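Everything on this sheet refers to the single structure shown next.
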Amino acid sequence: MARKKLLVFCFLLAASLSLYSESLDKIISSAKENSPSYKNTQITYQDGLIDLSKLEKEDEPLLSVAASVTPITKVEEIGDVMAITPEASYTTADRKTNITASIGYSMDYKNTSREYSPSLSASHSFDFSGYDSDTIKDLNYAISKLRTEVAHSEAEYKFEETVINTVSALLSSLKSLDQIDKNLSDAKTNLDNAKSLKTVSEDSYTYKNIVNTIESLENSKRALEQRYADAKANYKVFTGLDWDGLDDIAQPNLSLNVLTNGNSNVIIKSLEIQVAEEEYANFVAEQSPNTLYVKGDASGKYTEANGKDSGKIEVGGTLSYNANNWTISAKHTSTWNLAEGSSSSYSPSLKIYGKWTNGTINQSTGSDMSSTRDSLELQKKQNAILSAKNDYIAAMTSYSQSAQDYSVQIMEWNYSKSEIDSKITYLESVLDNKIALFNAGLATEKDVDDARFELDQARYDLKITLLKGLALEREIRIFAL
């Protein structure tokens with residue numbers, strides 16, 4: 001009766017040990033807090049967000065203010081003169097409009113003469129090509145943002161998968177150790193029974209075979225114990241926790257949602273097609289410009305010297321039109337010289353300019369491009385579009401193939417899990433029967449121990465299978481990003 005009570009006590013003790021085990025979520029959380037590599041992934045993500053914020057900012061208007069001072073300049077009939085010229089310039093965010101203004105002032109040190117010279121100019125460029133260069137910028141920003149978020153999520157899931165696989169390896173080592181302990185115990189029991197019953201002699205082949213088996217198992221056990229100790233040490237470094245077993249393993253969510261448009265990688269490839277097409281359109285627009293440039297300026301000069309006043313006003317305008325291989329421009333200037341008496345005058349001027357080239361002007365470099373070079377570059381842009389489309393097809397094919405592979409893996413895991421559940425249910429009933437038979441005096445303690453061992457091994461298999469499912473879940477999440 002005492003032995004039966006001890007047997008029941010040992011069973012309850014083994015069941016209660018799991019209360020002191022760590023949950024998988026706590027292990028993963030501790031590993032993230034303890035791992036330098038994981039912290040580096042977070043830093044990389046923050047750097048990516050900073051880079052995105054730079055790309056997200058729109059071009060700002062440019063404002064500049066300048067001033068120049070010339071303390072001393074020698075002027076005939078006047079003497080030493082000091083000059084001051086402040087200037088301000090404003091350019092719009094789209095860089096198409098510019099306004100510049102300045103007010104010059106000079107005077108001699110004797111205060112007998114002074115001069116004012118204000119000026120104002122404004123220009124604007126009109127683009128009638130219908131192409132918006134901001135489209136490429138927006139597409140590249142969308143690609144960068146998507147890649148940053150996907151890389152961060154992928155790093156998260158891969159790290160969690162590494163933790164899960166580390167724990168799974170520890171459980172596998174424990175299962176193997178328990179199996180060797182059981183085999184070693186059975187072998188020693190068989191040897192002791194053989195010796196006590198004198199069924200074999202020490203110089204017989206059977207006896208030597210049992211002894212060799214025991215020695216081999218002991219060697220294997222030492223090797224496994226060393227590997228297990230190393231694995232626990234690595235676990236401690238990796239997670240910051242002592243290995244106390246594992247409890248509370250969640251059921252994996254192996255739902256697979258296959259999208260018509262594919263995952264993020266496929267979407268990025270489709271965006272890259274749009275980038276290639278926009279770059280092609282941009283090149284065509286550069287080779288077939290249709291722009292109008294308008295500029296107007298006005299300046300004046302007013303001088304007081306030796307009691308006499310004089311002035312000068314100059315007003316001008318420039319109009320330039322660039323289309324295909326032609327450039328036509330016109331510049332008009334009107335000048336009024338104002339002076340006391342009858343010496344005032346008016347001088348108009350008009351200049352018309354035209355240019356034709358056998359190529360076109362590259363708007364980004366300002367250089368002429370021959371039609372042959374244009375054709376070659378155009379072909380290169382077209383090839384880039386074809387290449388991007390091929391990459392998209394390859395990405396979509398890979399996505400579909402991976403979806404099929406994961407579907408098979410999910411079915412295999414569900415089948416494996418179902419088999420283990422059935423096996424555990426069966427072994428639990430076997431153990432209950434063995435305990436009942438033992439209490440009735442119809443089974444030995446070893447019969448109960450063997451049944452419990454088989455159940456414990458099956459429960460190891462269940463935990464390892466659940467961990468494999470959780471690792472597969474992370475892979476599916478990465479696939480679905």
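In this text the structure is predicted, and so the values were computed from the model without any measurement.
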Taking the side chain as C-beta and beyond, is there a heavy-atom pair between [X] and [Y] under 4.5 Å?
X: Lys417; Y: Gln251; value: yes
X: Lys236; Y: Leu241; value: no
X: Asn183; Y: Gln179; value: yes
X: Thr318; Y: Val294; value: no
X: Phe283; Y: Leu378; value: yes
X: Leu174; Y: Trp243; value: yes
X: Leu292; Y: Ser320; value: no
X: Leu256; Y: Ile410; value: yes

Do we see a donor-acceptor contact under 3.5 Å between the side chains of [X] and [Y]?
X: Gln226; Y: Asp230; result: yes
X: Tyr45; Y: Glu149; result: yes
X: Asn98; Y: Thr100; result: yes
X: Thr206; Y: Ser204; result: no
X: Asn253; Y: Ser255; result: yes
X: Glu33; Y: Tyr38; result: no
X: Thr444; Y: Asp447; result: yes

In a check of side chain to side chain contact (heavy atoms under 4.5 Å, CB included) between Lys175 and each of Asp461, Leu170, Asp456, which one passes?
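The residue from Asp461, Leu170, Asp456 that satisfies side chain to side chain contact (heavy atoms under 4.5 Å, CB included) with Lys175 turns out to be Asp461.
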Distance-minimising heavy-atom pair for [X] and [Y]:
X: Asn263; Y: Leu481; value: CB-O, 2.9 Å
X: Pro252; Y: Glu473; value: CA-OE1, 3.3 Å
X: Ile210; Y: Ala187; value: CG2-O, 3.8 Å
X: Ser121; Y: Lys295; value: CB-CE, 4.3 Å
X: Ile249; Y: Leu466; value: CG2-CB, 3.7 Å
X: Leu49; Y: Thr148; value: N-CG2, 4.4 Å

Within this structure, what is the [atom1]-[atom2] distance for the pair [X] and [Y], rounded to the nearest 0.5 Å?
X: Gln379; Y: Leu386; atom1: CD; atom2: CG; result: 8.0 Å
X: Arg459; Y: Leu171; atom1: CZ; atom2: CG; result: 14.5 Å
X: Phe126; Y: Lys96; atom1: CZ; atom2: NZ; result: 9.5 Å
X: Ser168; Y: Ile464; atom1: OG; atom2: CD1; result: 5.5 Å
X: Leu184; Y: Ile214; atom1: CG; atom2: CD1; result: 6.5 Å
X: Leu24; Y: Ser29; atom1: CG; atom2: OG; result: 11.0 Å

Qualifying residues under side-chain contact (heavy atoms from CB on, under 4.5 Å), relative to Thr135, sequence neighbours excluded:
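For Thr135, the residues satisfying side-chain contact (heavy atoms from CB on, under 4.5 Å) (neighbours in sequence not counted) are Asp132, Leu139, Glu278.
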Please name all residues satisfying side-chain contact (heavy atoms from CB on, under 4.5 Å) with Ser429, sequence neighbours left out, ordered by chain then number.
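Scan of Ser429 (side-chain contact (heavy atoms from CB on, under 4.5 Å), adjacent residues dropped) gives Tyr426.
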Any salt bridge between [X] and [Y], counting N to O under 4.0 Å?
X: Lys423; Y: Glu419; value: no
X: Glu428; Y: Arg452; value: no
X: Lys188; Y: Glu218; value: yes

Under 3.5 Å, is there a donor-acceptor pair between the side chain of [X] and the main chain of [Y]?
X: Asn34; Y: Ser30; result: no
X: Ser153; Y: Val150; result: no
X: Ser416; Y: Trp413; result: no
X: Lys463; Y: Leu246; result: yes
X: Ser216; Y: Asn212; result: no

Run the side-chain contact (heavy atoms from CB on, under 4.5 Å) test on Tyr207 and Leu191 for me, step by step, so that the C-alpha distance in whole Å, both residues' side-chain angles and the decisive distance to 0.1 Å come before the verdict.
CA-CA 7 Å; Tyr207 180 87; Leu191 182 61; 3.2 Å; yes
Mind running side-chain contact (heavy atoms from CB on, under 4.5 Å) on Ser144 and Asp51 for me, showing each step along the way?
CA-CA 9 Å; Ser144 297; Asp51 292 338; over 6 Å; no
Worked check of side-chain contact (heavy atoms from CB on, under 4.5 Å) between Asn261 and Met396:
CA-CA 8 Å; Asn261 295 329; Met396 196 66 197; over 6 Å; no
Going through the checks in order, is the ring pair (Phe, Tyr, Trp, His ring centres under 6.0 Å) test met by Phe238 and Phe159?
CA-CA 11 Å; Phe238 191 47; Phe159 183 84; 5.4 Å; yes
According to the side chain to side chain donor-acceptor pair (under 3.5 Å) rule, which pairs have a member within residues 384-398, sequence neighbours left out?
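Those involving residues 384-398 do not exist here.
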What verdict does the side chain to side chain donor-acceptor pair (under 3.5 Å) test give for Tyr293 and Asn322, after you've listed the backbone C-alpha separation in whole Å, the side-chain angles of each residue and the deciding distance to 0.1 Å?
CA-CA 8 Å; Tyr293 176 77; Asn322 184 17; over 6 Å; no
Over 12 non-hydrogen atoms of neighbours within 6.0 angstrom of [atom1] in [X]:
X: Lys182; atom1: NZ; value: yes
X: Lys468; atom1: NZ; value: no
X: Lys32; atom1: NZ; value: yes

Take Asp405 and Gln401, measure what side chain to side chain donor-acceptor pair (under 3.5 Å) needs, and give me the verdict at the end.
CA-CA 6 Å; Asp405 293 342; Gln401 183 61 53; 3.2 Å; yes
Determine all donor-acceptor pairs shorter than 3.5 Å in which one atom belongs to a side chain in residues 269-277; sequence neighbours excluded.
from: Ser270; atom 1: OG; to: Ile267; atom 2: O; distance (Å): 2.5
from: Glu272; atom 1: OE2; to: Arg147; atom 2: NH2; distance (Å): 2.6

Would you list the pairs meeting ring-ring contact (aromatic ring centres under 6.0 Å, His included) in which at least one residue belongs to residues 454-481, sequence neighbours left out?
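For residues 454-481: Tyr399-Phe479, Tyr406-Phe479.
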Under the ring-ring contact (aromatic ring centres under 6.0 Å, His included) rule, what pairs show up with a residue in residues 173-200, not counting sequence neighbours?
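For residues 173-200: none.
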Can the ring centres of Tyr228 and Tyr235 be said to be less than 6.0 Å apart?
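Between Tyr235 and Tyr228, which both carry aromatic rings, the centre distance is not below 6.0 Å.
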For Tyr90 and Leu62, what are the C-alpha separation, side-chain angles and deciding distance, and is it a side-chain contact (heavy atoms from CB on, under 4.5 Å)?
CA-CA 6 Å; Tyr90 175 81; Leu62 298 178; over 6 Å; no
